[in-house]
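Every chain is numbered from 1 and lettered A, B, ... according to where its sequence line falls, protein lines coming before strand lines. Not measured: the values here are computed from a predicted model.
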Protein chains: 2
Amino acid sequence: MTQARAATIEDVAREAGVSRAAVSKVIRNAYGVSPSMRERVNAAIAALDYRPRVAARAMRGSSFTLGIELPHIGNPFFAKIIAGATAALQGTGYQLIIAPADVDGEEGVRAIGALADRQVDGIVAISPLVSPEWLERLAARVPVVMLGRHDRSTAYDTVTGDDLEGTRLVMEHLFELGHRRIVHLTRSEEVTRPGSGNPHAIRLEGYLTHMRAAGLEECIRVVRTGLDEESARLDTLALLDEEVPTAIFVGNDELAMGTLRALSEYHLTAEQVSVVGYDDVDIASYPAISLTSVNQAGEAMGERAVRLLLERVQGRTEPIHFSVEPSLKVRGSTRAAPAEPTP
Amino acid sequence: MTQARAATIEDVAREAGVSRAAVSKVIRNAYGVSPSMRERVNAAIAALDYRPRVAARAMRGSSFTLGIELPHIGNPFFAKIIAGATAALQGTGYQLIIAPADVDGEEGVRAIGALADRQVDGIVAISPLVSPEWLERLAARVPVVMLGRHDRSTAYDTVTGDDLEGTRLVMEHLFELGHRRIVHLTRSEEVTRPGSGNPHAIRLEGYLTHMRAAGLEECIRVVRTGLDEESARLDTLALLDEEVPTAIFVGNDELAMGTLRALSEYHLTAEQVSVVGYDDVDIASYPAISLTSVNQAGEAMGERAVRLLLERVQGRTEPIHFSVEPSLKVRGSTRAAPAEPTP
DNA sequence: GGCCGGATGTAGATCGGTCTATGAATGGCG
DNA sequence: CGCCATTCATAGACCGATCTACATCCGGCC
C-alpha cells in the first residue's frame with residue numbers, strides 16, 4: 001500500500017478499529033489499555049509503518065528532543081562533550097539535536113533561540129556571550145543547563161571545570177620549571193570580560209593573580225586572538241616578532257595547536273619555548289605533539305549536563321552547580337626554562 | 001508585562017487590533033498587507049517579543065529547518081562539512097540542526113528517522129549503511145542529499161569525492177616511491193561491501209585494482225578496523241606484530257592518526273613505513289604530523305550539499321550528482337621505500 | 001447613482017497529535 | 001438482584017500556526 005503521505009494516528013486508529021485516543025495511549029504507554037487492544041494497535045502501527053509527527057506532539061506535550069548549542073564545531077573538545085551527551089541519552093527516548101553557532105557573540109543567542117523556537121524540551125548551551133538576564137528569561141520557559149559558566153543563577157544549572165584550580169596547576173608547573181616570562185594567549189577582551197564567568201575570563205584572572213603573587217608583575221603579558229587555530233597561529237607569529245617568551249599559556253588546546261604551529265615555523269622547540277594548553281584534547285597526547293594540557297573530562301561534562309537537564313525536564317527546580325576537578329597532564333611541550341641572559 | 005507563557009500569534013493580533021491571519025501575513029511577507037498594518041503588527045511583535053512556534057508552523061507549512069546526520073562527530077572531516085553547510089545557509093532563514101549517530105549501521109537510520117520525525121524540510125546524510133530502497137522511500141517524503149554515496153538514484157542528489165581518482169593518486173604516488181608491500185587499512189567488511197557505493201568500498205576496490213595492475217597481487221593485504229582512531233591504533237599494532245610493510249594506505253585521516261600513533265609506539269618512522277590518509281584533515285598539515293593525504297574539499301562539499309538541498313526544497317525534482325575533484329597533498333609521511341632485503 | 005474590480009482584511013477550517021471529561025462494560029458484594 | 005467501584009475506550013476540545021474562501025471598502029467609470 002504505497003500512499004503518497006505518511007500514515008497518521010488517524011490511519012492507525014482506522015486500521016486497528018479503535019479511536020485516536022486509544023492509539024495515543026498505546027504510543028505513550030499510558031494507563032488504561034487492555035493487552036488485546038495494545039496488540040491490535042501495535043500491529044496496525046507496524047503494518048502502516050507509522051511514526052508520530054514530533055511537531056504535532058510538541059504542540060501539546062513535549063517534543064522528546066534536547067538541544068545543544070555549540071559555539072565552534074571545529075573545536076575537538078566539543079566533540080567529547082557531544083559524545084558524553086549522546087551516551088547519557090541512550091535509551092531515554094530523547095533525541096539530541098545540535099545547533100551550530102560557529103561565530104561569536106550574537107550568533108550564540110540566535111542558535112539558542114532557534115532551539116527554543118523548535119520546542120525542545122531542554123537546552124544545553126556552551127558558555128556563550130549571553131547576559132544572565134537573557135538566560136533567566138529563557139530558563140523560565142525551558143529547562144537550561146549551561147556548560148562552562150561560573151555564574152550561579154537559580155534559574156539554570158551549570159556544569160563547569162574548576163578553572164581557577166586548573167590555572168593554578170598550570171602556573172605552578174611553569175614556575176617549578178623556572179619560567180618567569182610567561183605569556184598568556186587568550187580570546188578577545190569581550191570574551192574575557194572580568195566577572196563574565198567565562199572560563200577564559202577566569203583563566204586570565206588566575207594567570208594575572210599567580211604572576212603577581214610570584215612577584216612577576218612586570219613580566220605579565222596578555223596576547224589576544226580569535227577563536228580558531230589559524231588566528232592563534234597568526235597572533236603567536238606577531239608576538240614572536242616582538243619577543244620570545246620562555247613559556248606560553250594558551251587559553252585552550254585548539255588555540256595551542258596554532259601556537260605550536262607558529263613556533264615550529266619560527267624554528268623554536270620546546271627547549272626554547274614551553275607551551276601549555278587547556279582541555280586535553282585527544283590530539284594533545286599524540287607523541288609528535290605531546291602538549292601539556294589541563295584535562296577536564298569533556299565526556300563527563302556532557303554526560304552530567306544531560307543528566308541534569310533530564311532531571312529538570314522531569315520537574316526539579318532547585319538549581320545544581322556541578323564542578324569537574326581538573327588535572328594537569330604534563331607532556332613534552334613543557335621543559336625547564338632556558339637560562340635567561342642576565343639583562 | 002511578565003507573562004508566564006511566551007506570546008502567541010493570537011496575543012500579537014490582539015495587541016495590534018487585527019486578525020491572526022493578518023499577523024501571519026506580515027510574518028510571511030505575504031501579499032495583501034497595507035504599510036500601516038504592517039507597521040502596527042511589527043510594533044506589536046516587538047512589544048511582545050513574539051517568536052513563531054516552529055512546531056505550529058511545521059504542522060501546516062514548513063519548519064524552515066534542514067537536518068544533517070553525522071555518523072561520527074569525532075571525525076574532524078565532518079566539522080569541515082558542517083562549516084561549509086552553515087556558511088551556505090547564512091541569510092536564507094533556514095536553521096541547520098545536526099543529529100549525531102555516533103555508532104555504525106542502524107544508528108544512522110535512527111538518526112535520519114529522528115530528523116524526518118521532526119519535520120525538517122530537507123535532510124543531508126553522510127554515507128550511512130542504508131539501503132537505496134529505504135532512502136528512496138524517505139526521499140519520496142522529504143528532499144534528501146547524500147554525501148559520499150556513489151549510487152545514482154533518481155530520488156535523491158549526491159555529493160561525492162571522486163574516490164577512484166583519489167585512490168589512483170595515492171597508489172601511483174606510492175608506486176613512484178618504489179613501494180610494493182602496501183597494506184590497506186580500512187573499515188569493516190560490512191562497510192566496504194562491494195557495490196555499496198560507500199567511499200571506503202571504492203577506495204578498497206581501487207587499491208585492489210591498482211595492486212593487481214602493478215603485478216603485486218601477492219602483496220595485497222587488507223586490514224580491517226573500527227571507526228575511530230583508537231581501534232586503528234590497535235589494529236595497526238596487531239599488524240606490525242606480524243609484518244612490517246613499507247607503506248600503509250589508510251581509509252581516512254582519523255584512522256591514519258591511529259596508525260601513526262601505533263608506528264611511533266613501535267619506534268618506526270616514515271623512513272621505514274610510509275603512511276597515506278584520506279580527507280586532508282587540518283591536523284594532517286601540522287608540521288609534527290605531516291601526513292600525506294587526499295584533499296577533497298570538505299567545506300565545498302557541505303556547501304554544495306546544502307545548495308542542492310535548498311534547490312530541492314524549492315521544487316527541483318531532477319536528480320543532480322555532484323563530484324568533487326580530489327588532489328593529493330604530499331607531505332613527510334611518505335618517503336621512498338626502504339631497500340627490501342632480497343628474499 | 002449603480003456597478004465593477006482591485007486592494008485589504010477576516011472567519012474558520014485545518015494540520016496531527018495530547019488529554020480531560022465522560023460513557024460503557026464488567027465484576028464484586030451485600 | 002441492584003448498587004457501586006473499577007477498568008477500558010471514546011468524543012471532542014485544544015495547541016499555534018497557515019491558508020482558502022469570503023466580506024468589506026474604496027475609487028473610477030459609464
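- As a whole-Å value, the separation of Arg28(B) CZ from dG9(C) C1' is 13 Å.
- Applying the 6.0 Å contact sphere to CD of Glu39(A) captures no more than 12 heavy atoms from other residues, nucleotides or ligands.
- Atoms CD (Glu10(A)) and C1' (dC15(C)) sit 12 Å apart, rounded to a whole Å.
- Ion pairing between a basic and an acidic side chain is recognised when a charged N comes within 4.0 Å of a carboxylate O; Arg307(A) and Glu303(A) show such pairing.
- Comment: Arg312(B) engages Asp157(B) in a salt bridge, judged by a side-chain N to carboxylate O separation of less than 4.0 angstrom.
- Contacts of Val54(A) with the nucleic acid, taken as non-hydrogen atoms under 4.0 Å apart, are absent.
- If you measure from atom CZ of Arg57(B) to atom C1' of dT14(C), you get 17 Å, rounded to the nearest angstrom.
- Applying the 4.0 Å criterion to OP1 and OP2 of dA7(C), one finds that Tyr31(B) has a side-chain N or O inside that range.
- Minimum heavy-atom separation, Gly298(A) to Phe77(A): CA-CE1, 3.6 Å.
- Side-chain polar atoms of Thr65(B) and Gln95(B) form no donor-acceptor pair below 3.5 angstrom.
- Applying the 4.0 Å criterion to OP1 and OP2 of dT10(C), one finds that Ser19(B) has a side-chain N or O inside that range.
- Atom pair Arg53(A):CZ and dG16(C):C1' shows a separation of 7 Å (rounding to whole Å applied).
- Counting any heavy atom pair closer than 4.0 Å across all strands shown, Val23(A) reaches no nucleic acid atom.
- Side-chain contact check for His72(A) versus Asp228(A): some heavy-atom pair is nearer than 4.5 Å.
- In this structure, Ala56(B) and Val33(B) both approach DNA chain C, and ranking their closest nucleotides by distance from the 5' end singles out Val33(B).
- Between the CZ atom of Arg51(A) and the P atom of dG16(C) there is a distance of 16 Å, rounded to whole Å.
- Mapping Ser24(A) and Arg40(B) onto DNA chain C by nearest heavy atom places Arg40(B) closer to the 5' end of the strand.
- Atom P of nucleotide dG17(C) and atom NZ of Lys25(A) are separated by 17 Å, given to the nearest angstrom.
- If you measure from atom CD1 of Ile9(A) to atom C1' of dC15(C), you get 13 Å, rounded to the nearest angstrom.
- Proximity of Arg60(B) to the phosphate of dA13(C): no side-chain N or O atom is located under 4.0 Å from OP1 or OP2.
- If you measure from atom CD of Gln119(A) to atom P of dG17(C), you get 16 Å, rounded to the nearest angstrom.
- When DNA chain D is scanned in the 5' to 3' direction for atoms under 4.0 Å from non-hydrogen atoms of chain B, the outermost contacting nucleotides are dG16(D) to dC19(D).
- For Tyr156(A) against Asp151(A), the heavy-atom pair with the smallest separation is OH-OD2, 2.8 Å.
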